Every structure is written in structure tokens, then in C-alpha cells.
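Treat the numbers as computed from the prediction; the structure is a model and nothing was measured. If you read the sequence from its start, that first residue is 1, and numbering goes on from there.
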Amino acid sequence: MFLEKLSNMFFTDVAIDLGTANTLIYIRGKGIVLNEPSIVTVRDIRGRKVVEAVGEEAKRMQGKTPEDVVTIRPLRDGVVADFEVAEAMIKYFMKKVVPTHFLKSPLIVVSVPSGATPVERRAIQESVESAGARRVYLIEEPMAAAIGADLPVNDPSGLMIVDIGGGTTEVAVISLGGLVYAASLRVAGDRMNEAIIDYVRRKMRMVIGEATAEIIKHNIGTAWHAKKEPIQSMKIKGRKVDEGRLLEEEIDENQVADALQEPLRQIAEAIKKAMEATPPELAADLVDRGIMLTGGGALLRNIARYISAESGLSVLISENPLECVVRGAGKALEDFEKYRAVLI
């Protein structure tokens with residue numbers, strides 16, 4: 001009993017969902033202790049990058065910095081795009097949630113896209129190791145999401161999971177604790193933001209930034225055209241194309257639905273490909289069980305209705321979809337022997 005208390009006091013193990021949009025950290029025995037944007041503000045001092053802010057503070061500065069200060073998202077499409085900044089971000093987050101009195105560096109389970117190349121996986125592993133881990137295990141995002149959504153991943157029956165994150169959409173069919181089929185599509189929340197920016201520029205002749213596009217998506221974003229009154233709308237501010245004049249315009253949910261049709265179509269096509277590639281014995285299970293949606297993209301209004309119409313399957317949205325991946329990685333950490341086979 002004394003040794004167990006001593007272990008809890010001086011040792012810790014951690015699970016990380018190192019997402020393109022947000023980083024979530026789970027500590028063994030405590031649950032989720034951090035959820036912050038994966039953004040770093042960096043000042044250039046004679047060619048050297050100096051970190052000014054990380055996470056929530058850095059996000060507040062996005063699009064508002066002077067020339068010598070830039071906001072960087074060190075992960076793109078779910079993988080490390082800037083090793084140095086990614087390492088600094090992970091170290092900052094770890095220092096924030098792991099007490100300095102721990103005597104031993106943590107064992108860390110970190111999620112990776114199923115389609116990440118060996119080089120990309122190694123970059124993630126090295127970034128986390130450089131941040132102070134004693135040992136790093138990887139877990140593929142669709143498997144982590146399925147575990148976090150409380151799906152029976154070890155059963156001899158087919159499960160389909162669709163995890164729509166910031167950088168990637170993971171589509172997978174799982175049976176007997178393994179990925180029968182997996183595809184990582186680099187179309188997700190970020191691409192939806194880009195689609196809104198492009199639509200506003202083309203149709204409304206107005207330039208907006210990524211932060212404004214994100215607000216539009218959260219406030220009135222929908223995957224399905226409204227046929228009822230009143231239709232939701234909101235005011236947005238931006239710059240007139242080719243004029244530089246600042247103005248305020250109104251955008252409604254049907255316009256946003258138009259803007260999002262292309263990224264949504266690509267996600268639907270990826271789901272159809274997964275269904276076509278699923279063995280017949282497991283395909284029957286998918287008809288019975290349907291599709292489980294996880295990730296931040298699952299919060300887009302009417303997305304379950306859209307995917308159901310496109311796939312012909314029932315669609316469920318998991319409870320707390322934003323947390324499924326980190327909760328699944330955390331469960332693998334808590335019950336290491338049960339889930340050892342899914343760790344890389």
C-alpha cells in the first residue's frame with residue numbers, strides 16, 4: 001500500500017492526443033488535464049526562433065501579430081511540420097500539467113494518423129521523446145477513438161469509426177482488436193475552414209481570416225441545407241477584394257452549407273470506399289451497428305444526417321467526440337496489458 005502511494009506521488013504516465021487543431025493530455029489516474037490549441041507564437045530574433053506564447057494565449061494573438069512575430073501550428077494534417085516548435089509546445093504543455101517533483105520521466109502514449117508514414121511517425125515519436133519521455137508508444141487514431149467511444153474493439157464483429165479531426169479524417173473498420181481497413185484523409189476541420197474562406201472570397205468578394213472562418217463554422221456551420229424559417233445567419237467583418245475597404249456583411253447557414261459541400265463530399269467518398277473494401281462477413285455487422293462519428297468535426301450540425309444519407313447506414317455521434325482519441329489512449333495506458341497489441 002505504501003509503495004502504491006509512493007508510486008502515485010512520484011511517478012506518472014501520460015496519454016497525448018497531439019492534434020492539428022488541439023492538444024489534449026490525459027494523466028493516469030486523473031483523466032484529462034489539458035485541452036489547448038496546438039498553436040505557438042514565435043518571435044524571430046536574428047534568425048533564431050524564440051517562443052512567445054503557447055496554446056490559448058497564442059491563439060488569441062493569431063492574425064494580430066507584428067511582422068517579426070508569427071503564430072505557427074507545428075502540426076499539419078496530423079503530423080509534425082515544424083520539429084523545433086512542436087518540441088517546444090509539447091514541453092510547455094507537459095510542464096504545465098506534470099508536477100516538477102516527479103522523479104521519473106513519464107511513459108507516454110501518443111496518437112498518430114493511421115496513414116502517417118514511418119518518417120512521420122518517427123518525427124512524432126522524437127518530438128515527444130525530446131520533451132522528456134522515458135518511453136513513447138504510438139496508437140493509431142481510429143483505434144484510440146473507438147476505444148474512447150467505448151466500442152467493443154476486441155469483439156469478432158465489424159465496427160466502423162470515422163474520426164473527423166482538425167487535419168485528418170480517419171475512416172476505419174475494426175474487428176478483433178485490429179484495423180481491418182484504415183484510410184487517413186487529409187480533409188477535415190482545417191479544410192472546411194479553407195472552404196469557407198474561399199467561398200466568402202468568391203461569392204461575397206470579401207477576404208476573411210482563418211479565425212473568422214472557424215467562428216462561422218462553429219456558430220452557423222451545417223452539413224445540410226435548411227428548408228425552414230428562420231434560417232440562422234451572422235454578421236462577419238472583412239476586407240473587400242481588390243479595394244482594401246473594410247466592411248461588414250451577413251452570411252447565412254445555407255451559404256455555409258454550400259461552402260462545405262466539397263470537403264463533405266470527399267469524406268463521404270472515403271466512407272464509401274471503406275464500405276466497398278470491407279469483407280462481406282463484416283459488412284453485415286456495419287449494417288446492424290452503423291457508423292460511429294468522433295472528433296471535433298462530429299460537432300458540425302447535421303453531419304450525421306448528411307453521412308447517413310450518403311452511406312445508407314445509421315450514424316451515431318459519440319459522447320464528448322472531441323475527447324475520444326485522448327480517452328482511448330488513456331484507457332490503453334490504464335489497462336496496458338489489455339490493449340498492448342494496439343500500441344506501436
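Residues L260 and L300 have side chains in contact (heavy-atom distance under 4.5 Å, counting atoms from C-beta outward). Inter-residue side-chain proximity for I108 and M94 is flagged as met; some heavy-atom pair is nearer than 4.5 Å. Annotation: side chain of M234 is in contact with side chain of I216 (closest heavy-atom distance under 4.5 Å). Between L299 and P321 the shortest side-chain heavy-atom distance falls below 4.5 Å. The closest side-chain heavy-atom distance from T20 to T168 is not below 4.5 Å. Under the 4.5 Å side-chain criterion, counting only non-hydrogen atoms from C-beta, V256 is not in contact with K217. Residues T278 and V180 are not in side-chain contact: their nearest non-hydrogen atoms beyond the backbone lie 4.5 Å or more apart. Side-chain contact between I215 and H218 is absent, with no heavy atoms from C-beta onward closer than 4.5 Å.
Between E214 and K59 no salt bridge is recorded (no basic side-chain N to carboxylate O distance below 4.0 Å). Between D198 and R191, none of the side-chain N atoms (NZ, or NE/NH1/NH2) sits under 4.0 Å from a carboxylate O, so this pair counts as no salt bridge. Under the 4.0 Å criterion applied to side-chain N and carboxylate O atoms, E334 and K331 are not assigned as salt-bridge partners. Between D258 and K203, no side-chain nitrogen of the basic residue sits less than 4.0 Å from a carboxylate oxygen of the acidic one, so the salt-bridge criterion is not met. With salt bridges taken as basic N to acidic carboxylate O contacts below 4.0 Å, none links R60 and E57. Taking 4.0 Å as the cut-off between side-chain N and carboxylate O, R340 and E337 do not count as a salt-bridged pair. E140 and R121 are joined by a salt bridge, as a carboxylate oxygen and a charged side-chain nitrogen come within less than 4.0 angstrom of each other.
Rounding to the nearest 0.5 angstrom, the gap separating the CZ atom in R327 from the CG atom in D150 is 9.5 Å. Taken from CD in E210 to CD in E194, the straight-line distance is 7.5 Å, to the nearest 0.5 Å. Between the CD atom of Q125 and the CD atom of E120 there is a distance of 14.0 Å, given to the nearest 0.5 Å. The CG atom of L185 sits 6.5 Å away from the CD1 atom of I267 when rounded to the nearest 0.5 Å. How far CD1 of I174 is from CG of D155: 11.5 Å, rounded to the nearest 0.5 Å. How far CD1 of I291 is from CD1 of I271: 5.0 Å, rounded to the nearest 0.5 Å.
The nearest pair of heavy atoms linking S318 to T294 is OG-CG2, 3.4 Å. Nearest heavy-atom pair, L282 versus G158, reported as atom, atom and distance to 0.1 Å: CD2-N, 3.5 Å. The two atoms that bring A329 and I139 nearest to each other are CB-CG2, 4.1 Å, heavy atoms only. Of all non-hydrogen atoms in A145 and D163, the two that sit nearest each other are CB-OD1, 4.0 Å. Here the closest non-hydrogen pair linking M143 and G177 is CE-O, 3.5 Å. I72 and V42 make their closest contact through CD1-CG2, 4.0 Å (heavy atoms, listed as atom of the first residue, atom of the second, distance).
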CA sep, side-chain torsions, deciding dist, call: L138, V110, side chain to side chain contact (heavy atoms under 4.5 Å, CB included):
CA-CA 5 Å; L138 304 181; V110 60; 3.3 Å; yes
Could you please spell out the steps behind the side chain to side chain contact (heavy atoms under 4.5 Å, CB included) verdict for Y26 and E323?
CA-CA 10 Å; Y26 177 109; E323 299 177 353; over 6 Å; no
Could you walk me through whether N22 and L322 pass the side chain to side chain contact (heavy atoms under 4.5 Å, CB included) test, one step at a time?
CA-CA 9 Å; N22 288 79; L322 279 166; 5.7 Å; no
Any chance you could lay out the side chain to side chain donor-acceptor pair (under 3.5 Å) test for S233 and E250, step after step, and finish with the verdict?
CA-CA 7 Å; S233 64; E250 191 164 331; 2.6 Å; yes
Decide yes or no on salt bridge (Lys or Arg N to Asp or Glu O under 4.0 Å) for K96 and E56, but give the supporting numbers first.
CA-CA 13 Å; K96 191 170 182 178; E56 292 287 359; over 6 Å; no
Evaluate L247 against R205 for side chain to side chain contact (heavy atoms under 4.5 Å, CB included), listing each step before the verdict.
CA-CA 11 Å; L247 71 161; R205 307 298 296 163; over 6 Å; no
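At least one donor-acceptor pair under 3.5 Å links the side chain of S38 to the backbone N or O of G19. The main-chain N or O of E141 is never found under 3.5 Å from a side-chain atom of S111 such that the two would form a donor-acceptor pair. In terms of modelled atom types and a separation under 3.5 Å, the side chain of Q261 and the main chain of A257 share a donor-acceptor contact. One N or O on the side chain of S130 and one on the backbone of E126 form a donor-acceptor pair closer than 3.5 Å. No donor-acceptor pair closer than 3.5 Å links the side chain of T71 to the backbone N or O of T41.
Grouping the Ile, Leu, Val, Met, Phe, Trp and Tyr side chains by contacts below 4.5 angstrom, directly or via other members, places I344 apart from L176. In the hydrophobic clustering of this structure, I220 groups with W224; members are Ile, Leu, Val, Met, Phe, Trp, Tyr whose side-chain heavy atoms approach within less than 4.5 Å, directly or through other members. No continuous path of hydrophobic side-chain contacts links L151 to V171 [ILVMFWY only; heavy atoms under 4.5 Å]. L264 and V187 fall within a single hydrophobic cluster, where Ile, Leu, Val, Met, Phe, Trp and Tyr side chains are chained together by heavy-atom contacts under 4.5 Å. Both L286 and V162 belong to a common hydrophobic cluster when Ile, Leu, Val, Met, Phe, Trp and Tyr are linked at side-chain heavy-atom distances under 4.5 angstrom.
Shown here are the ring pair (Phe, Tyr, Trp, His ring centres under 6.0 Å) partners of Y137, two or more places apart in sequence or in another chain: F336. By the side chain to side chain contact (heavy atoms under 4.5 Å, CB included) test, I45 pairs with R43, V50, sequence neighbours left out.
Applying the salt bridge (Lys or Arg N to Asp or Glu O under 4.0 Å) test to pairs two or more places apart or on separate chains, those with a residue in residues 288-312 are E253-R301, K272-E310.
Sparse packing is recorded around CD of E319, with 12 or fewer heavy atoms of other residues, nucleotides or ligands lying under 6.0 Å away. Sparse packing is recorded around CZ of R201, with 12 or fewer heavy atoms of other residues, nucleotides or ligands lying under 6.0 Å away.
A donor and an acceptor atom, one from each side chain of S157 and D285, are nowhere located under 3.5 Å apart. Judged purely by distance below 3.5 Å, without hydrogens or angles, the side chains of S114 and S184 never pair a donor atom with an acceptor atom.
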